[in-house]
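To keep things clear, I will list the structure first and then write my remarks on it.
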Protein chains: 4
Amino acid sequence: MEKVDRRIRRTRNQLGQALRELIIEKSYEAITIQDIADRADVNRATFYLHYGTKEELLVTSLTEIFDELVVQMEAQAEGKPPWESMVHAEILFEHIAENFALYQAVLGQNGLGYVMHRILAYIAAHEEKELRAYFGDAAAPPLPIPILAHHVAGSIFALASWWVENNRPYSPTEMAVMLQQLCVQGMGTLGGNS
Amino acid sequence: MEKVDRRIRRTRNQLGQALRELIIEKSYEAITIQDIADRADVNRATFYLHYGTKEELLVTSLTEIFDELVVQMEAQAEGKPPWESMVHAEILFEHIAENFALYQAVLGQNGLGYVMHRILAYIAAHEEKELRAYFGDAAAPPLPIPILAHHVAGSIFALASWWVENNRPYSPTEMAVMLQQLCVQGMGTLGGNS
Amino acid sequence: MEKVDRRIRRTRNQLGQALRELIIEKSYEAITIQDIADRADVNRATFYLHYGTKEELLVTSLTEIFDELVVQMEAQAEGKPPWESMVHAEILFEHIAENFALYQAVLGQNGLGYVMHRILAYIAAHEEKELRAYFGDAAAPPLPIPILAHHVAGSIFALASWWVENNRPYSPTEMAVMLQQLCVQGMGTLGGNS
Amino acid sequence: MEKVDRRIRRTRNQLGQALRELIIEKSYEAITIQDIADRADVNRATFYLHYGTKEELLVTSLTEIFDELVVQMEAQAEGKPPWESMVHAEILFEHIAENFALYQAVLGQNGLGYVMHRILAYIAAHEEKELRAYFGDAAAPPLPIPILAHHVAGSIFALASWWVENNRPYSPTEMAVMLQQLCVQGMGTLGGNS
DNA sequence: TCCTAAGCGAGACGGTACGTCTTGTCTTCCA
DNA sequence: TGGAAGACAAGACGTACCGTCTCGCTTAGGA
């Protein structure tokens, strides 16, 4: 555990905070390092003492937020197959609601490809881990696990994306319920006619 | 039908082609307009005679490809609910296979947020249209149509993304089958054990 | 005498006229060929059919004006030494008054070095010719003729320049008288005290 | 006394030096800012940190040279009427001889109108000041002072111009003598015949 | 009177310079 | 020693102007 000067921590926090604020205000590409430094009340040269590129700061900055989410979710680990529990999804949607402006910027029209990809990959990896834990090595899954994982991840990603862009027309719980329904039962039984 | 100088058409084609090539070779952001102009054997100033920004060329260029796909897909319009027909998805995966390198660049690690968002939105809109046609005004759908549409779109997007990043481990047909299975039946019946 | 299409003559006149107008309105360097073409109601490409550069048009255009002056002056040739005749200078100042705006532009703050130099050299050459004619080969001039010529030319140039820049505070005749006085008698006898 | 970074002074010197060298080598208009930057071993953008335009650098650069001349001349201030002292003129011609190539470029065929005008105006203003000091308020001068001043200034300018263009056929002292003779006695008494 | 060459408008294009902006490095000086 | 201040190199940006070219239209002026 490296001992880090208090000032350094302070500077880094300010930089992270500044970027998160700016991302909400304007397109990520349009943000210059000077912008970040100005907002953080820090000299531009100082930025380079801590981060090599804008992206490095972005990853660091977002990681903090994601980590927080993961901690919350892992506190809910149970034995049930992941898709039969709405808890995960509910926590996710609540988390998004809390950082709404940020996710709006990241997932929306001018979203960050890099971040989008990361999120999708992250969710998929998470699902995959849980699926493997569920199926164990015994019962072979009917479809390849990565496919299952990406199916769920894609659905989550798209629903979250839609939800954010449409200003949260449903509550986190409602979203979680619908998500679960779609993933577990599929759309076939929803025709009403069957 | 606007009459366009042959030279103009030629120049624009070269620019579009150049961008598509470069996107495959390096990160979109790293591509300069000079790069594009060089590759297209065109003066940089000439670029600006036709497009205001790199993005404008990108959209134009990709639209051509998407349009082609849409034409193919619409030729398959049938009366069945979209998710019961694998044809659409199959055509999609084949289309991706044909423009593999391009999609690898666009959907991958350093993918373009803008394009990703566009694709997702495009697929969702497409699904939504078909769902509305299917349900008509009579039978109220069990879940809001946008939700259904985005669920499917997200799944398609994520599976396609995964497929591309893992170098097409399955055939387009196999992917289409699995996709349909997941969407229609859901994962609940796949427990294998039940 | 080359036969020139009426249209050609018309085009060239328009271009010359346009340049002369523009020179009065703004700095010569700031005038673009497009400006000239626009003003002349001519396509830019057409400009190049007639003149290679802006300078070429300038010379052609100004030469027309100078030639006119020379004709007037030569009509006054007499046997007297040039500096004892005010006629030349008077004609010159009257000529300048007639093309006032043009000379203001050419001799003023943002005057054209090229044209200034040309004018000075032209006057000097003119003086030199007359001086040589006057001295003949007999009486050796007390000072080298080129020196004498440039002295007079410089004085004319400077006085004209000053006169134009100060909005003609004296009549052409007055200027001519003063010029002659200065050149012939010098300033030594003007001490007022002697 | 403003404190200026040593680097800044160095950069500016290099830029001024570069321009002075280039002016000798080719037409001022043909000199690009890139040329200047290259010659000064400085980045083009750096040029703009110090000067807004080529003209600004030119003025700054030439002013340094002129100032030097003025200092020399003012060290010779005496009570005599300016035109009865050859000292000023002599210093001037010597100064020109020292910066010969530069003046060749500035006064010659492709001279700079702006600079020519400046020089003429500068000399005239200088003369005017001395004339006013000489005449005081008492004796009214026989001719308007500005006219006298411009007469002398024009002569100086033209003789210097001719001298430079003809590769200094006389010594600075000889030029000064002739100049004084012309200005003081005029040409009337030089006819030899009178 | 026709027809044929020339003048010209329109505008795409390669090229060059411009002035601006951002980045990353460096140096100097302060707390 | 961490950071402020800021000069600088590097290089992309979007714009402006230049000179050249090609393509049609029109419009004399000779057949």
Side-chain angles (χ1 to χ4, degrees), chain A residues 4-12 14 29-37 40-54, chain B residues 4-12 14 29-38 40-54, chain C residues 3-12 14 29-37 40-54, chain D residues 3-12 14 29-38 40-54:
Chain A
V4 185
D5 194 311
R6 220 181 316 128
R7 271 177 303 172
I8 295 184
R9 221 162 32 233
R10 193 169 159 276
T11 298
R12 293 193 181 165
Q14 284 171 315
E29 281 94 51
I31 299 171
T32 70
I33 291 182
Q34 183 72 68
D35 287 339
I36 300 171
D41 258 324
V42 145
N43 191 275
R44 189 164 64 86
T46 302
F47 175 95
Y48 293 103
L49 293 178
H50 298 280
Y51 303 99
T53 65
K54 220 173 32 168
Chain B
V4 184
D5 194 313
R6 223 177 315 128
R7 276 174 300 169
I8 294 184
R9 221 158 34 228
R10 193 166 161 276
T11 298
R12 294 196 180 161
Q14 284 170 315
E29 282 93 50
I31 299 172
T32 71
I33 291 183
Q34 184 70 69
D35 286 339
I36 301 172
D38 283 352
D41 258 322
V42 144
N43 191 276
R44 188 163 65 89
T46 299
F47 175 95
Y48 291 104
L49 291 179
H50 298 279
Y51 304 98
T53 64
K54 221 172 33 168
Chain C
K3 190 71 170 57
V4 184
D5 193 311
R6 221 180 314 131
R7 278 174 298 173
I8 293 184
R9 224 159 30 231
R10 193 168 159 276
T11 297
R12 292 194 180 164
Q14 284 170 315
E29 282 94 53
I31 299 172
T32 71
I33 290 183
Q34 184 69 68
D35 286 339
I36 300 172
D41 258 323
V42 144
N43 191 275
R44 188 162 65 88
T46 301
F47 176 95
Y48 292 104
L49 293 178
H50 298 279
Y51 303 99
T53 65
K54 217 171 38 165
Chain D
K3 186 73 169 53
V4 185
D5 194 311
R6 222 179 316 130
R7 277 174 300 171
I8 294 185
R9 222 159 33 231
R10 194 168 158 275
T11 298
R12 294 198 179 159
Q14 284 171 315
E29 283 92 52
I31 299 172
T32 71
I33 291 182
Q34 185 70 71
D35 287 340
I36 300 172
D38 284 351
D41 257 322
V42 145
N43 191 274
R44 189 162 65 88
T46 300
F47 175 95
Y48 292 105
L49 291 179
H50 298 280
Y51 304 98
T53 64
K54 219 171 35 167

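What you see is a predicted model, and the numbers here were worked out from it, not measured in a lab. As a basis for the values below, the full set of heavy atoms in this structure was taken, side chains included, without hydrogen atoms, waters or symmetry mates. Within every chain, numbering begins at 1; the chains are lettered A, B, ... in the order of the sequence lines, protein sequences first and strands thereafter.
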In this structure, how many angstroms lie between the [atom2] atom of [N] and the [atom1] atom of [X], rounded?
{"X": "Glu29(D)", "N": "dC17(F)", "atom1": "CD", "atom2": "C1'", "value": "16 Å"}
{"X": "Tyr51(C)", "N": "dC18(F)", "atom1": "OH", "atom2": "P", "value": "17 Å"}
{"X": "Arg9(A)", "N": "dG3(F)", "atom1": "CZ", "atom2": "C1'", "value": "17 Å"}
{"X": "Ile36(B)", "N": "dG14(F)", "atom1": "CD1", "atom2": "P", "value": "10 Å"}
{"X": "Leu49(B)", "N": "dG15(E)", "atom1": "CG", "atom2": "P", "value": "14 Å"}
{"X": "Asp38(D)", "N": "dA17(E)", "atom1": "CG", "atom2": "P", "value": "10 Å"}

Tell me whether the OP1 or OP2 atom of dG2(F) has a side-chain N or O from Thr11(A) closer than 4.0 Å. no
Verify the contact: side-chain N or O of Thr46(A) to OP1 or OP2 of dG2(F), cut-off strictly under 4.0 Å; return yes or no. no
With sequence neighbours left out, write down each residue that passes side-chain hydrogen bond (donor to acceptor under 3.5 Å, both in side chains) with Thr32(A), or none if nothing qualifies. Asp35(A)
For Gln34(D), all residues meeting side-chain hydrogen bond (donor to acceptor under 3.5 Å, both in side chains), sequence neighbours excluded: Asp38(D), Arg44(D)
Could I get the full list of salt bridge (Lys or Arg N to Asp or Glu O under 4.0 Å) partners for Arg10(A), not counting sequence neighbours? none
Taking all heavy atoms of Lys54(C) and all of Ile31(C), pick out the closest pair and write down the distance.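 Looking at all heavy atoms of both residues, the closest pair is NZ-O, 3.0 Å.
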Could you pull out the closest heavy-atom pair between Tyr48(B) and Ile33(B), with the gap in Å?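 In terms of heavy atoms, the two residues are closest at OH-CD1, 3.3 Å.
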Annotated protein contacts, base or backbone, on nucleotides 22-29 of chain E with a non-hydrogen cut-off under 4.0 Å, one of B, S, - each: SBBBB---
Residues that Asn43(A) engages under side chain to side chain contact (heavy atoms under 4.5 Å, CB included), provided they are two or more places apart: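 Listed in chain order: Ala45(A), Thr46(A).
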Between Ile8(B) and His50(C), just flag the one whose closest nucleotide in DNA chain E comes earlier from the 5' side.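 The 5'-side residue here is His50(C).
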Reading DNA chain F from 5' onward, which residue's closest nucleotide shows up sooner: Asn43(A) or Asp41(D)? Asn43(A)
